[in-house]
Amino acid sequence: MSEAKLFILSGPSGVGKGTIVSEVLKEDPGIHLSVSATTRSPRKGEVPGVSYYFMEDAQFRSEIRAGGFLEYADVHGHFYGTPKAPVMEKLAEGKDVILEIDVQGAMKVRETYPDGVFIFILPPSLHELRRRIEERGTESREDIELRLGKAVSEMNYLDRYEYYVVNEDLQGAVADVRAIMRAERCRVRKAEDILKKIEEES
Ligand code: 5GP
C-alpha cells in the first residue's frame, strides 16, 4: 500500500552508479530504471534503447520544445535528458522509479518533484575515482580530466541530497542503497494520506 517512490541517484562519472543500480535491479526487478536520452555517441557495448536513447542534436532540441523531458542538462558538452512520459506512467502504476542523472538534472527534478529521494554516490577518494575512470578505458585523456574536474564541483552539491553512499566495495554500496529504499518506503509523509488509503483498501 505504500506509494510509488522516485529515487534519484547522482555522483561523479566513474563512481560506479550504473553497476550499483544494475545490482539493485537484479534483486528487485519490480523497480523501473529510466532510460535517458543523450546526444553523445554510444560507447563500445552500449545498446540503443537500453543504455540510452541516442539522438541527434536536432531531435533532442525538438523533444525539449515539445516538453518531452522531465529534466535535461548539458553534461560534459552533450545533452542528457529524462523522458517524462515513461516515468509518470510507471509512478502512476505504483512502480518505484530510479533516475541516474547528474546534479544539475537532480536539482531540476527537486523543483518539480520534491518528494523524490535524492541519493549521492561518493568515491572513497578522488585518487580511486581517477583509477576507476582510467581502468574503464572508454574516455580520452582530455575527457578524463573533464570528468574529474566536474566530480569535484559536483561534490559541492552533496548537502542538497538526503543520503550519501560511499562506493568503497560494491556489495556494501548496494546494501546501503537498498536499505535507504526500504526505509523510504516506510517513511510517514502525510499521515492523513496513508490513513485514507488504508480506509479505501479496507
Ligand atoms: P555517461 O556519459 O558517463 O553515461 O554519463 C555522464 C553523466 O550524465 C553521468 O553523471 C550521468 O549520471 C549523467 N546522466 C545520464 N543520464 C542523464 C539524464 O537523463 N539527465 C541528466 N541530467 N544527467 C544524466
Side-chain angles (χ1 to χ4, degrees), residues 1-38 51-52 69-73 75 80-124 150-151 153-198 201:
M1 69 126 240
S2 69
E3 268 173 38
K5 297 259 176 242
L6 181 62
F7 295 97
I8 300 93
L9 255 77
S10 305
S13 177
V15 77
K17 285 168 297 192
T19 319
I20 295 173
V21 168
S22 61
E23 288 298 309
V24 168
L25 292 180
K26 260 192 225 160
E27 292 175 43
D28 200 342
I31 303 172
H32 174 77
L33 172 64
S34 159
V35 177
S36 296
T38 184
S51 318
Y52 281 106
F69 293 120
L70 185 63
E71 61 71 37
Y72 68 92
V75 187
Y80 291 79
T82 304
K84 194 194 288 177
V87 174
M88 293 312 168
E89 273 163 30
K90 296 295 167 189
L91 288 174
E93 282 169 22
K95 273 193 165 195
D96 290 344
V97 175
I98 298 184
L99 309 182
E100 195 214 301
I101 61 177
D102 88 319
V103 291
Q104 309 169 67
M107 293 307 108
K108 284 188 219 153
V109 173
R110 194 184 256 307
E111 286 166 21
T112 47
Y113 213 93
D115 278 352
V117 180
F118 295 79
I119 307 172
F120 200 94
I121 313 290
L122 284 169
K150 187 159 188 283
S153 58
E154 281 195 333
M155 285 190 229
N156 289 324
Y157 282 83
L158 184 60
D159 63 0
R160 313 266 191 98
Y161 284 72
E162 275 131 357
Y163 296 97
Y164 74 93
V165 168
V166 179
N167 187 14
E168 176 103 53
D169 74 289
L170 179 63
Q171 285 321 314
V174 171
D176 284 352
V177 171
R178 281 174 57 82
I180 293 166
M181 296 177 102
R182 203 179 162 111
E184 280 293 331
R185 292 188 189 112
C186 301
R187 183 189 278 281
V188 176
R189 292 211 187 251
K190 287 194 190 127
E192 65 268 30
D193 289 349
I194 295 168
L195 295 173
K196 202 166 129 218
K197 218 158 180 179
I198 290 175
E201 283 172 15

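Remember, it's a predicted structure, so these values are computed and weren't measured experimentally. Hydrogens, waters and symmetry mates are skipped; everything else that's a heavy atom, side chains included, is used.
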Please list, chain by chain and in numerical order, all residues satisfying side-chain contact (heavy atoms from CB on, under 4.5 Å) with [X], sequence neighbours excluded.
X      : value
Ser51  : Glu46, Val47
Asp176 : Val165
Lys108 : Glu71, Ala73

Asp102 and Gln104: side chain donor to acceptor below 3.5 Å: yes
Side chains of [X] and [Y] in contact at under 4.5 Å (non-hydrogen atoms):
X      : Y      : answer
Ile98  : Met181 : yes
Ile119 : Ile121 : yes
Val109 : Leu6   : yes
Tyr113 : Leu99  : no
Val15  : Leu122 : no
Tyr161 : Val103 : yes
Phe7   : Asp96  : yes

Pairing residues for Glu111 by the salt bridge (Lys or Arg N to Asp or Glu O under 4.0 Å) criterion, not counting sequence neighbours: none
Salt bridge (Lys or Arg N to Asp or Glu O under 4.0 Å) partners for Glu23, two or more places apart: Lys26
List the atom pairs, with distances to 0.1 Å, where a side-chain N or O of residues 153-160 and a protein N or O form a donor-acceptor pair under 3.5 Å, not counting sequence neighbours.
residue	atom	partner	partner atom	Å
Ser153	OG	Lys150	O	3.0
Glu154	OE2	Lys150	NZ	2.7

Heavy-atom pair of closest approach, residues [X] and [Y]:
X      : Y      : answer
Pro124 : Asn167 : CD-O, 3.5 Å
Lys84  : Leu70  : CB-N, 3.7 Å
Pro83  : Phe69  : N-CD2, 3.9 Å
Gly116 : Ile8   : CA-CD1, 3.9 Å

Given Val24, Leu25, Leu9, the one that forms side chain to side chain contact (heavy atoms under 4.5 Å, CB included) with Leu33: Leu25
Side chain Ser10, main chain Phe120, donor-acceptor under 3.5 Å: no
Expected output: side-chain Lys17 to main-chain Gly11 donor-acceptor under 3.5 Å: yes
